[in-house]
Amino acid sequence: MIIQPKTRGFICTTAHPAGCARQVARQIEYVRSKPPISGPKKALVVGASTGYGLASRIVAAFGAGADTIGVYFDKPAEGARTATAGWYNSAAFERAASEAGRKSFSIVGDAFSDEIKAKTIDLIRTEFGQVDLVVYSVASPRRTHPKTGETFSSVIKPIGETYTNKTVNFHTGEVTTVSVEPATEDEVRQTVAVMGGEDWQMWIDALSGAGVLAPGAVTVAYSYIGPEITHAVYREGTIGRAKDDLEATALRLNERLSPNGGRAYVSVNKALVTQSSSAIPVVPLYIAALYKVMKEKNLHEGCIEQMYRLFSERLYGPSPTPVDEKGRVRVDDWEMRSDVQEEVSRLWSAITTENIYELSDLEGYRQEFFQLFGFETDGVDYEADVDPAVDIPNLR
Ligand code: NAD
């Protein structure tokens with residue numbers, strides 16, 4: 001069939017297998033063009049099919065030569081419905097990893113469940129023995145607690161006061177003012193339950209309890225801080241509370257793992273176009289302004305450049321790994337540079353519907369958004385008939 005993008009709100013409901021494969025190949029080529037990393041040998045990536053998790057898996061496999069297991073929640077094609085982008089990305093990754101002689105396996109299912117943790121542990125035991133890196137990169141709107149059965153939903157809202165700021169419809173370029181009502185206490189609790197550190201901790205407890213975490217193992221999860229403009233809705237809002245919890249979990253895990261030579265970190269990454277970030281009010285407009293400034297200053301990075309820098313210059317770079325005063329690894333350092341932020345905030349005050357395409361890189365944002373689903377990618381024939389049913393090799 002001929003596959004076209006179909007959007008509903010901020011999501012795209014179709015994905016292109018050849019385009020996704022091309023995007024994955026581009027990331028692999030980038031990593032191969034860089035010096036190899038003396039890093040992990042057996043890696044588990046939870047949330048491995050898109051965004052930062054996929055890029056982490058690619059850097060582990062193609063930068064450090066690691067065997068990898070990816071856990072993710074994606075759907076295969078069914079009838080006329082295409083598979084999700086993460087499905088196609090993972091199929092392409094698995095094929096490339098096998099061709100390069102790396103062992104790699106995929107587990108598709110709910111990472112929050114006991115069942116998927118047990119299945120992953122069995123697979124590690126039979127195929128790898130142990131893992132020496134665990135990347136936790138799950139971003140989800142919901143989580144069902146494995147012990148209580150309660151289902152939590154995460155919301156992106158300010159705490160205490162209504163937040164009002166500019167936002168953009170990145171499909172049309174229309175800049176409007178958005179107001180987001182403050183979260184209730186229960187919404188804060190539920191967001192922390194979905195995006196905080198409890199599930200990461202459960203993974204590490206389960207892996208270490210089963211003896212499949214190698215001595216000296218590293219684990220990392222991802223956080224965000226960002227500029228003043230987004231603080232009320234991000235870092236000081238519901239999701240920020242979840243990130244505080246994730247960061248506190250890193251410190252606890254680090255204490256637990258360090259007697260065995262292990263290390264646990266939160267890495268604060270740059271704001272990027274991913275399926276998750278496009279759902280946050282105000283953030284796409286901020287990213288569009290940020291991209292303009294960072295591209296002009298030759299500082300722009302995507303997920304793969306960020307993750308290569310995280311592995312080569314932080315986690316497996318000079319020892320000890322450089323961290324900030326709160327023990328966090330920072331690869332958002334270029335985003336947060338004062339010259340970058342001053343320029344972004346100057347643009348921010350001036351942006352309107354009339355000048356958005358001059359004052360921001362909204363076109364770059366829009367294109368990257370479609371590229372997440374395999375569209376608008378060079379070297380892909382979108383008029384060609386393609387089979388949406390793609391198998392993932394090594395799916396367990
Ligand atoms: P993403 O949406 O691209 O990827 C999320 C991954 O989680 C996918 O592989 C998906 O399959 C998987 N997933 C979701 N629910 C799952 C479940 N129940 N079981 C198993 N897998 C599941 O997200 P992303 O933007 O790469 O975010 C990853 C992490 O990075 C998050 O913690 C996010 O807060 C953080 N981060 C993102 C940005 C950004 O700008 N995008 C910046 C800094 C930090």
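Both ligands and their constituent atoms are indexed starting at 1 by order of listing. These numbers come from the heavy atoms of this one structure, side chains and all, not from hydrogens, waters or symmetry mates.
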With a cut-off of 4.0 Å, which atoms of ligand 1 are near a heavy atom of [X]?
X	result
Phe112	18 (N)
Asp74	11 (O)
Ser223	43 (C), 44 (C)

task = Examine the side chains of Ser179 and Thr164 and answer whether a donor and an acceptor come within less than 3.5 Å of each other.
result =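 Yes, Thr164 and Ser179 have a side-chain donor paired with an acceptor closer than 3.5 Å.
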task = Ignoring hydrogens and angles, state whether a donor on the side chain of Trp200 or Thr219 is under 3.5 Å from an acceptor on the partner side chain.
result =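 Yes - a donor-acceptor pair under 3.5 Å links their side chains.
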Tell me the contacting part of [X] for ligand 1: side chain, backbone, both, or neither, using a 4.0 Å heavy-atom threshold, strictly below.
X	answer
Ile116	neither
Ala221	neither
Lys243	side chain
Asp110	both
Ala48	backbone

ask   = In this structure, are over 12 heavy atoms from other groups packed under 6.0 Å from Lys75 atom NZ?
value = no
ask   = If you draw a 6.0 Å radius around CG in Asp378, do more than 12 non-hydrogen atoms from other residues or ligands fall strictly inside?
value =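 For Asp378, atom CG is not crowded (no more than 12 foreign heavy atoms under 6.0 Å).
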query = Would a hydrophobic clustering, with Ile, Leu, Val, Met, Phe, Trp and Tyr connected at side-chain separations under 4.5 Å, put Ile351 with Tyr291?
reply = yes
message = Quick check: is Tyr382 connected to Ile3 through a chain of hydrophobic side chains (ILVMFWY, heavy atoms under 4.5 Å apart)?
response =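 Cluster IDs for Ile3 and Tyr382 match.
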query = Has Gly109 got any heavy atom lying under 4.0 angstrom from an atom of ligand 1?
reply =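 So Gly109 counts as touching ligand 1.
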key: Close approach of Lys270 to ligand 1, heavy atoms, under 4.0 angstrom   =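 A heavy atom of Lys270 does come that close to ligand 1.
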note = Closest non-hydrogen atoms of Ala350 and Asn355, given as atom of the first, atom of the second and distance, are O-ND2, 3.0 Å
